[in-house]
Novice: 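Below you'll find the structure I mean.
In what follows, every heavy atom counts, from backbone to side chain, and hydrogens, waters and symmetry copies are set aside. The chains referred to below are lettered A, B, ... by the order of the sequence lines, with proteins before strands, and numbering in each begins at 1.
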Amino acid sequence: MNTTLCLALLFNGIVLGLIWSVIAIGFSLVLGVGQTINFAHGLLFTFGAYFFFSISRNTSFWIAVIAAPILVAIMSLFLEVVLVRRVYGQDPLFGLLITFGFAIAMEEVIRMVWGKAAYSVSTPIFARGQLILGNFVYSRFRILLALFALTILLLVLWFMSKTSFGAIVKAGMFNSEMISALGHNLPLLRTLVFVMGGLLAGLAGVIGAPLWSIKSGMGTDVLMPGFIIALIGGLGSIKGTIIGGLLVGITTSLAVLVIPRFTDIIPYVMLIAVLFYKPKGLYGEVTILGEVRE
Amino acid sequence: MLSLEKVNSWYGEAQVLRNVDLNVKEGEIVALFGRNGVGKTTTLRSIMGLTPPLGKGKIVFKDENILGLPPYKIANKGIGFVPEDRRIFPYLTVKRNLDTGKKSTHKSNSKTKWDYQKVFQLFPKLEILQDSLGKNLSGGEQQMLTIARTLMGNPELLLLDEPSEGLAPLIARDVINLVLELKKEYGLSILIIEQFSPRVLEYADRCYVMDMGKIVFCGCSEDLRKDVKLQKELLGV
């Protein structure tokens with residue numbers, strides 16, 4: 001087997017896994033604290049990519065890196081205040097349907113504003129070039145994007161495991177009623193976590209924009225892997241989500257060598273296998289929608 | 001300090017509390033007895049706003065009607081709730097469980113300002129276990145953690161829902177002693193639900209008995225101790 005090809009696929013898998021993890025963590029936080037299956041999470045990712053594309057073309061790369069996720073966070077605040085807030089505490093199906101409907105409507109808006117054509121982001125000058133290790137050559141930009149995703153993940157991990165607010169968020173994923181009885185403003189907590197999820201989706205969009213072609217349906221392509229990784233890693237576990245993302249990303253990428261026609265089903269097979277043996281996921285703390293099954 | 005006037009609560013169509021009147025004075029331990037399913041836990045949940053009462057009743061805490069407020073606002077007025085099933089956060093360490101009890105907005109009038117040091121003084125075992133996950137604690141340790149977590153919010157009134165339930169007799173005795181200490185040493189007012197026992201009557205200043213969602217007895221512990229008929233009929237003693 002070609003070692004260079006294997007290494008390239010392994011690196012691709014790591015990059016893919018890290019981006020999927022960023023998406024999955026935002027999705028997982030919103031699902032845990034708000035008990036809402038946010039089907040618009042992929043759409044927020046798409047907006048991150050489009051905002052990044054437009055802003056970087058009209059201003060600078062660095063302004064776009066900062067402004068795009070902030071704009072997506074503001075958009076997610078609007079989504080939470082106007083729509084999602086109304087379905088907290090109700091049948092989770094309402095949340096799923098309302099965000100699904102919003103996502104479909106907003107995809108049309110994307111097509112109206114940016115058109116149907118796909119766009120791509122050019123590599124900035126500082127990131128051009130290759131990493132060369134003997135026969136192995138890999139894009140420097142991809143490595144920088146992977147490091148950016150890893151930094152985001154480590155920051156979220158630190159925030160959730162070291163700060164008091166992180167403890168409240170984690171506790172809220174486990175028992176939101178108790179959090180309220182302890183004196184914490186649950187509606188505000190849910191809003192903040194939803195916005196945090198939006199910010200993470202926007203950041204993932206910034207990282208994904210240079211890797212994939214920017215088109216209105218790109219969010220759908222990452223939503224399912226994100227959802228699957230959140231379940232494989234275990235809701236409530238940031239560490240589990242990162243490990244789950246890397247496992248799925250690397251396995252899917254390397255599977256090209258063995259079963260090239262069936263790589264798309266790899267995440268689903270992994271999900272079934274993991275949940276069969278560990279219903280809470282690899283490092284799961286709560287089952288889906290917070291129901292505790294010790 | 002706390003007074004319930006004609007409080008009515010429902011679970012869907014079923015009325016659980018019927019015109020409940022109850023009060024707790026400052027520095028008092030008040031016990032609420034009754035068989036299972038008569039509405040004791042719902043009374044505490046109604047005070048906390050977790051099962052919001054309906055109708056024209058009032059729940060007055062420190063001269064303010066708190067009925068209709070969301071639970072977090074009620075907690076921030078100075079009421080601490082220790083639920084029946086403990087509800088610690090099993091995947092957080094002891095110390096981070098305590099963090100969740102801290103409130104940023106509550107301007108407390110409580111006599112003691114609780115912090116890690118004070119909590120660990122009262123519960124030395126929790127200091128030893130501070131880095132252990134909540135799920136790895138024994139039942140008694142979890143109960144201590146639940147009470148400690150609530151104390152971190154500097155409550156003036158503590159609502160305790162069967163704190164010794166499911167604990168070994170020796171540990172249950174420790175919990176009861178702790179309740180007494182919280183009153184005597186730290187000046188807390190306490191409304192406690194417990195299974196009827198002579199030991200509880202010893203430390204409660206006053207007690208209420210509930211049946212079918214109504215208060216059917218209100219008086220000092222001594223009166224209830226003497227009323228064998230009431231104990232037999234309503235408490236199954």
Side-chain angles (χ1 to χ4, degrees), chain A residues 28-29 32-33 85 88-91 157-193 233-241 278-287 290-294, chain B residues 44-52 69-108 116 131 133-136 142 145-155 158-159 161:
Chain A
S28 177
L29 287 173
V33 177
R85 188 174 287 187
Y88 287 143
Q90 296 190 36
D91 189 326
L157 187 63
W158 171 83
F159 178 77
M160 293 294 286
S161 57
K162 298 292 175 200
T163 65
S164 290
F165 184 75
I168 293 163
V169 171
K170 284 195 88 173
M173 295 175 89
F174 194 80
N175 190 328
S176 51
E177 184 184 83
M178 198 61 230
I179 272 299
S180 198
L182 285 168
H184 303 292
N185 186 339
L186 185 61
L188 179 65
L189 179 71
R190 282 174 165 161
T191 304
L192 290 173
V193 168
L235 287 178
S237 170
I238 307 298
K239 187 175 77 177
T241 309
K278 300 197 88 172
K280 289 183 187 173
L282 293 174
Y283 293 89
E285 299 173 359
V286 287
T287 56
E291 188 187 340
V292 183
R293 290 185 194 135
E294 289 294 348
Chain B
L44 295 199
R45 287 180 59 83
S46 296
I47 296 168
M48 279 313 294
L50 296 168
T51 306
L69 293 180
Y72 75 91
K73 282 194 177 167
I74 293 172
N76 284 324
K77 300 272 176 207
I79 302 181
F81 178 49
V82 177
E84 185 180 13
D85 44 4
R86 297 173 196 136
R87 302 210 208 160
I88 56 147
F89 303 115
Y91 293 93
L92 293 180
T93 62
V94 165
K95 204 166 178 187
R96 283 170 64 72
N97 260 282
L98 294 176
D99 281 343
T100 64
K102 288 184 203 164
K103 299 186 188 97
S104 51
T105 53
H106 174 39
K107 303 280 182 290
S108 172
Y116 294 127
D131 294 321
L133 289 179
K135 66 172 184 167
N136 296 331
Q142 288 191 358
L145 178 57
T146 315
I147 297 172
R149 183 182 65 184
T150 309
L151 292 176
M152 289 293 279
N154 298 318
L158 209 51
L159 309 178
D161 194 349

Novice: State which residues pass ring-ring contact (aromatic ring centres under 6.0 Å, His included) with A:Phe159; sequence neighbours excluded, sorted by chain then number.
Specialist: A:Phe165

Novice: Would you say the side-chain atoms of B:Arg96 pair up with the backbone N or O of A:Ile168, donor to acceptor, closer than 3.5 Å?
Specialist: no

Novice: If you take all heavy atoms of A:Phe174 and B:Ile88, which pair is closest and at what distance?
Specialist: CE2-O, 4.1 Å

Novice: With rounding to the nearest 0.5 angstrom, report the CG to OH distance, A:Leu189 to B:Tyr72.
Specialist: 11.5 Å

Novice: Identify the two heavy atoms, one from A:Ser164 and one from B:Lys102, that lie closest to each other, and give their separation to 0.1 Å.
Specialist: OG-NZ, 4.2 Å

Novice: Check the pair B:Arg45 / A:Glu177 against side chain to side chain contact (heavy atoms under 4.5 Å, CB included), numbers first and verdict last.
Specialist: CA-CA 11 Å; B:Arg45 287 180 59 83; A:Glu177 184 184 83; 2.9 Å; yes

Novice: I need the minimum non-hydrogen distance between A:Met178 and B:Pro83, along with the two atoms involved.
Specialist: SD-CG, 3.6 Å

Novice: How long is the gap from CE on A:Met173 to OH on B:Tyr91, to the nearest 0.5 Å?
Specialist: 13.0 Å

Novice: Which residues pass the side-chain hydrogen bond (donor to acceptor under 3.5 Å, both in side chains) test with A:Asn175, not counting sequence neighbours?
Specialist: none

Novice: Identify the two heavy atoms, one from B:Ala75 and one from A:Ala181, that lie closest to each other, and give their separation to 0.1 Å.
Specialist: CB-O, 3.3 Å

Novice: Would you mind telling me which of A:Ser161, A:Pro187, A:Gly172, A:Gly166 has the largest number of heavy-atom pairs within less than 4.5 Å of chain B?
Specialist: A:Ser161

Novice: Given heavy-atom pairs under 4.5 angstrom as the criterion, report whether the side chain, backbone, both or neither of B:Pro70 touches chain A.
Specialist: neither

Novice: Show the nearest heavy-atom pair for residues A:Ala171 and B:Thr100, with the distance to one decimal.
Specialist: CB-CG2, 3.9 Å

Novice: Kindly give the heavy-atom pair with the smallest separation between A:Lys170 and B:Leu92, and that separation in Å.
Specialist: CB-CD2, 3.9 Å

